[in-house]
S.K.: 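Take a look at the following structure, please.
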Amino acid sequence: MTENPLEPYIESLRRQLEEQDPVVLVGVIVALAVVVITCVFLKYFLTSKTVRSAVLLVGLCDSGKTLLFIRLLSGKFKRTQTSITDSSAPYKAKNDRSCTWTLIDLPGHDSLRSQYLEKFKSAARAIVFVVDSAIFQKEVRDVAEFLYMLLTDPVVCRITPTLLVICNKQDVAMAKSAKLIQQQLEKELNTLRVTRSAALSAQDGSVGGSVYLGKKGKDFEFSQLPMKVEFLECSARGSKGTNLRRGASAVLPNNQRRGDETLLWLCATSTS
Amino acid sequence: MLDFFTIFSKGGIVLWCFQGAGVSESFTGPVNALIRSVILQERGGNNSFTHEALSLKYKLDNEFELIFVVGFQKILTLTYVDKFIDDVQLHFRDRYKNELEQKGALKLLNNTFDFEDRFKKLLREAEVTSKARSPVPMRSFKESEKSQKTVKSMIETKGGDKSKEQGGKKNKNTKKEAPAVEPPKGDQGKTPPFGQKDVLNGNQGLTPEEIMQKKREDFFRKRKMGPTEKPSKSPKPQKPKEKVNRVWENAGSSSKNLDYSNKNGENSSGEDQKNLEAQFDPEMQVSSMKGDLLSVDYESSEEEEMEEEEEEVVDSKTSVKKSGGFGGMFGMLKGLVGSKSLSREDMEPVLEKMKDHLIAKNVAADISSQLCESVAKKLEGKVMGTFTTVASTVKQALQDSLVQILQPKRRVDILRDVMDAQSQRRPFVITFCGVNGVGKSTNLAKISYWLIENGFSVLIAACDTFRAGAVEQLRTHQRRLNSLHPPEKHGGRPVVQLYEKGYGKDAAGIAMEAIAYARNQTFDVVLVDTAGRMQDNAPLMTALAKLIAVNMPDLVLFVGEALVGNEAVDQLVKFNQALADHSMSDKPRLIDGIVLTKFDTIDDKVGAAISMTYITGQPIVFVGTGQTYNDLRSLNARAVVGALMKA
């Protein structure tokens with residue numbers, strides 16, 4: 001019964017096809033085949049997951065990101081100036097584990113950091129947040145604001161990269177310890193999430209950062225975040241007796257974890 | 001003689017550095033200051049910068065993303081520095097071309113750049129040449145042109161002799177220009193090839209109208225005859241600015257000229273251009289007005305611009321004769337694919353257009369030109385990728401610069417700072433200043449409403465003791481705010497109080513008493529309203545500076561309306577100047593933030609925001625979008641730049 005309405009159409013189609021020139025038929029078939037193959041390819045490419053393999057070095061201005069970048073990659077000590085663009089290079093871990101990531105050093109200056117973060121945050125697998133431990137007390141609020149902006153960013157919340165907070169410049173005498181920095185940041189972020197949610201909306205009506213950090217009603221702690229957060233101390237300059245030629249110990253943290261191992265740890269704990 | 005010379009990448013890695021003999025201080029500080037104040041604030045128009053006792057000059061290499069900086073003592077005037085930087089840049093590039101062309105940052109780390117000997121040689125050469133070039137001695141009378149002219153030629157006679165006189169004058173003028181070029185060359189040490197300098201002078205010698213006419217002629221000529229003609233990108237022959245005898249069209253020099261019966265364009269040279277234009281004009285109108293009127297889109301005109309540009313580029317590269325239409329298409333394709341580096345000439349027309357666009361959007365005129373200049377410096381020599389046109393690259397770079405300018409350079413979180421002051425048991429003092437009628441009192445009321453909503457108590461200090469009704473206005477606001485937030489709900493204490501002492505008193509004294517009162521009564525915030533004053537009014541500016549210097553408020557906000565155009569520059573400069581001049585301390589309190597008011601009255605002519613942030617470098621803290629208490633917003637940099645770049 002269902003064939004009855006279709007049959008006359010099929011008949012007429014068959015008759016028309018037979019009347020046509022075979023060359024035209026071949027052409028039509030080839031065109032159809034190309035279209036089908038293209039669709040298959042597109043589907044394959046579009047649904048393949050975007051590989052995230054970037055480790056971003058972020059932080060305030062003058063916190064030591066570029067020097068850390070240089071030492072992790074080459075072990076040498078070079079002078080640095082304020083960066084105005086990003087630098088990126090592939091990084092291969094010392095063990096034979098075939099983890100290659102791209103290490104990206106973003107500029108920390110206030111006017112540049114948001115636009116570079118926009119560019120690279122979707123490819124981030126882990127974020128290394130560098131803090132200047134020597135002048136931390138003066139900069140607490142700025143550090144916390146940047147961290148808040150990072151943690152409430154919708155893209156970051158979606159991909160939840162591992163967050164490693166490195167307390168740099170431990171070679172300076174007045175440097176604060178990682179534990180102290182963690183406590184201060186938690187207190188500061190506790191206050192910030194209240195003031196930021198009360199902040200004015202932008203003039204075109206968009207309200208920024210509707211994500212509420214941590215749990216309501218309880219004091220903010222880094223363990224409440226969906227991503228893994230860890231605090232480390234290190235000194236990009238290394239202590240006086242460092243043999244700079246040993247590339248593996250480019251970063252000498254005080255808690256005995258080498259920079260190389262740090263990144264390995266990052267690789268192990270980050271979600272793919 | 002040089003203090004230091006560094007070469008570093010834009011990513012911050014120093015490739016090579018040199019420190020002069022006897023210099024012990026590190027140069028990292030001054031160079032960082034240079035980067036932050038000049039490059040990052042888009043003031044890259046002029047390439048020198050002074051920091052304490054040092055004078056710094058820099059040069060950007062956009063192809064390999066390098067920056068060259070030289071520093072020397074401010075009191076020395078070294079003439080060879082500009083040329084020296086150019087030479088060093090060329091030599092460095094040539095020598096390390098292979099290493100620099102690799103991708104990624106590893107190339108900078110793995111290679112050592114031993115530039116020492118080459119650098120020393122260049123430095124010695126530069127110093128030697130600067131010493132060798134002694135100042136040009138004045139010519140004696142015998143050598144000058146005047147002695148060689150006959151007396152007869154200098155006598156003015158009517159009619160025919162005028163041409164000889166003009167010839168003499170022309171010679172004198174060119175000779176005058178040439179020695180005028182010499183001393184600046186000697187003084188500033190700018191030594192580009194002489195021909196180039198001529199072109200610069202030549203182009204600037206013509207008035208803007210003549211430049212426009214020349215450009216228009218080129219355009220028409222190209223359009224008519226296709227891209228086979230090479231528009232002269234080489235230095236055009238100078239038209240010296242001589243005093244041409246004006247020929248009046250209707251002047252009665254002879255009745256023959258008034259006979260228009262068989263006129264065929266045989267006017268004197270002064271009218272030639274006008275006639276040419278008249279010939280071309282009707283042609284253009286005839287072909288372009290057919291069909292529907294073009295809309296005022298930005299995209300359509302951009303395509304025209306693109307075509308014109310690509311044709312120019314093709315002409316300079318190929319001199320093969322092609323027919324008009326086909327050449328145009330091929331040229332555009334050739335311009336799209338492949339890598340070519342941007343040069344000034346490529347960017348010039350696009351930048352001009354962008355500058356006019358910005359001015360049309362109410363950005364102050366000289367700020368637009370400075371911005372375009374800075375973008376040009378940033379893009380010069382950059383290699384464009386495939387499928388990017390000059391226009392799109394320039395537009396993208398300009399957009400990035402604008403977003404960068406609008407981003408605040410410091411943390412802007414008033415609530416957090418108020419909490420801080422609260423914990424220190426002192427009131428947070430905000431002062432509002434600005435010219436007359438911008439909305440200080442209205443926005444003060446809006447801000448106090450916002451603060452009350454967030455649980456703070458506010459004291460309004462009525463330091464506008466001049467304008468009639470100012471105190472009453474603030475009292476009305478206070479009553480309204482108290483009725484919206486009755487004291488019963490906030491612990492029995494009125495959330496807003498007004499501190500006023502009537503009219504005619506000294507504003508600084510009232511402010512001081514208000515702050516003391518707030519400290520006693522533990523108010524969280526003090527909002528100080530001042531009288532509006534014109535920036536040229538010296539006694540009033542002194543009074544304002546005294547108020548701010550004596551009371552040391554936590555935040556000095558300049559209130560400016562979004563409708564203002566070029567005036568914004570003048571206002572802000574003079575306000576800052578007054579505050580700096582009249583304060584006794586070493587670190588004077590300047591304007592800390594800007595309140596942009598009446599934002600709802602402008603659609604997308606949001607240029608005032610750019611002008612104000614560019615001039616002061618301070619962020620826009622509040623945006624006022626109306627006259628009710630809820631019309632207070634914060635600035636969204638991306639949205640503003642989007643509106644600015646939109647057609």
Side-chain angles (χ1 to χ4, degrees), chain A residues 60-62 65-67 69-76 78-91 102-115 118 139 141-146 148-149 188 191-192 194-208, chain B residues 6 8-15 17 26 28 31-36 39-41 65 67 69 104-110 400 403-420 450 453-455 596 599-600 622-623 625 632-640 643:
Chain A
L60 289 186
C61 216
D62 267 351
K65 302 179 288 295
T66 311
L67 187 57
F69 177 77
I70 296 173
R71 297 227 39 190
L72 280 173
L73 283 179
S74 70
K76 299 186 201 151
K78 283 207 179 215
R79 295 179 94 137
T80 56
Q81 304 285 157
T82 311
S83 327
I84 54 178
T85 55
D86 57 297
S87 327
S88 67
Y91 180 82
T102 332
L103 198 56
I104 307 182
D105 165 40
L106 302 182
H109 192 84
D110 312 64
S111 36
L112 294 175
R113 63 168 85 128
S114 56
Q115 75 193 59
E118 284 290 320
E139 287 186 338
R141 287 192 284 278
D142 300 315
V143 173
E145 197 227 5
F146 190 8
Y148 182 85
M149 196 187 76
E188 193 60 33
T191 333
L192 262 186
V194 173
T195 59
R196 274 312 164 114
S197 51
L200 297 165
S201 58
Q203 85 262 9
D204 54 349
S206 63
V207 180
Chain B
T6 48
F8 57 95
S9 74
K10 282 191 182 174
I13 304 173
V14 172
L15 299 181
C17 64
S26 155
T28 320
V31 178
N32 277 342
L34 169 79
I35 296 175
R36 283 180 209 168
I39 301 180
L40 284 179
Q41 288 195 20
E65 309 254 306
I67 307 180
V69 179
L106 279 176
K107 64 181 186 217
L108 304 170
L109 302 175
N110 294 335
D400 289 337
V403 171
Q404 201 177 304
I405 290 175
L406 282 180
Q407 291 284 3
K409 310 229 172 349
R410 60 184 176 86
R411 192 178 50 96
V412 172
D413 193 356
I414 305 227
L415 291 177
R416 186 74 193 83
D417 295 334
V418 173
M419 280 185 174
D420 224 21
W450 175 61
E453 294 262 287
N454 283 304
L596 195 63
F599 203 76
D600 51 325
F622 295 112
V623 178
T625 52
L632 191 65
R633 300 272 178 274
S634 67
L635 187 79
N636 181 351
R638 248 167 252 285
V640 168

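Letters A, B, ... mirror the listed sequences (proteins, then strands); counts begin at 1.
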S.K.: Tell me, side chain or backbone of B/Asp420 under 4.5 Å from chain A's heavy atoms, or both, or neither?
M.R.: side chain
S.K.: Just verifying a value: how many Å separate A/Ser111 OG and B/Asp400 CG, rounded to the nearest 0.5 Å?
M.R.: 12.0 Å
S.K.: Is a salt bridge present between B/Arg416 and A/Asp142, judged by a nitrogen-to-oxygen distance below 4.0 Å?
M.R.: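 No salt bridge links B/Arg416 with A/Asp142.
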S.K.: So which heavy atom on B/Arg36 is nearest to which on A/Thr82, and how close?
M.R.: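 It is NH2-OG1, 3.4 Å.
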S.K.: Identify which one of B/Val69, B/Val31, B/Ile13 satisfies the side chain to side chain contact (heavy atoms under 4.5 Å, CB included) criterion when paired with A/Gln81.
M.R.: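 Checked B/Val69, B/Val31, B/Ile13 against A/Gln81; only one passes side chain to side chain contact (heavy atoms under 4.5 Å, CB included): B/Val31.
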S.K.: Might you work through the side chain to side chain contact (heavy atoms under 4.5 Å, CB included) test for B/Arg638 and A/Ser114, ending with a clear yes or no?
M.R.: CA-CA 11 Å; B/Arg638 248 167 252 285; A/Ser114 56; 4.3 Å; yes
S.K.: A/Thr80 versus chain B, heavy atoms under 4.5 Å apart: side chain, backbone, both or neither?
M.R.: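 Backbone plus side chain of A/Thr80, per the 4.5 Å heavy-atom cut-off to chain B.
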S.K.: Looking at A/Asp110 and B/Pro408, would you say the former's side chain and the latter's main chain have a donor-acceptor pair under 3.5 Å?
M.R.: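 Not a single qualifying donor-acceptor pair exists.
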S.K.: To the nearest 0.5 Å, tell me how far A/Arg79 CZ sits from B/Leu15 CG.
M.R.: 13.0 Å
S.K.: Check each atom of A/Glu139 against the heavy atoms of chain B and say whether the ones under 4.5 Å are side chain, backbone, both or neither.
M.R.: neither
S.K.: Between A/Gln115 and chain B, which part of the residue has a heavy atom less than 4.5 Å away: side chain, backbone, both or neither?
M.R.: both
S.K.: Give, as side chain, backbone, both or neither, the part of A/Thr66 having an atom under 4.5 angstrom from any heavy atom of chain B.
M.R.: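 Only the side chain of A/Thr66 comes within 4.5 Å of chain B.
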S.K.: Side chain from CB out, backbone as N, CA, C, O: work out which of these in B/Glu453 comes under 4.5 Å of a heavy atom of chain A, or both, or neither.
M.R.: neither
S.K.: Please report the shortest heavy-atom distance between B/Gly11 and A/Ser83, naming the atom on each side.
M.R.: O-OG, 2.9 Å
S.K.: How far does CD of B/Gln407 sit from NE2 of A/His109, to the nearest 0.5 angstrom?
M.R.: 10.5 Å
S.K.: Working to the nearest 0.5 Å, report the span between CG of B/Asp413 and CG of A/Leu192.
M.R.: 6.0 Å
S.K.: Tell me, for A/Arg141 versus chain B, whether the close heavy atoms (under 4.5 Å) come from the side chain, the backbone, both or neither.
M.R.: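 Both parts, backbone and side chain.
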S.K.: Roughly how far, to the nearest 0.5 Å, is CZ of A/Arg113 from CD of B/Gln404?
M.R.: 13.0 Å
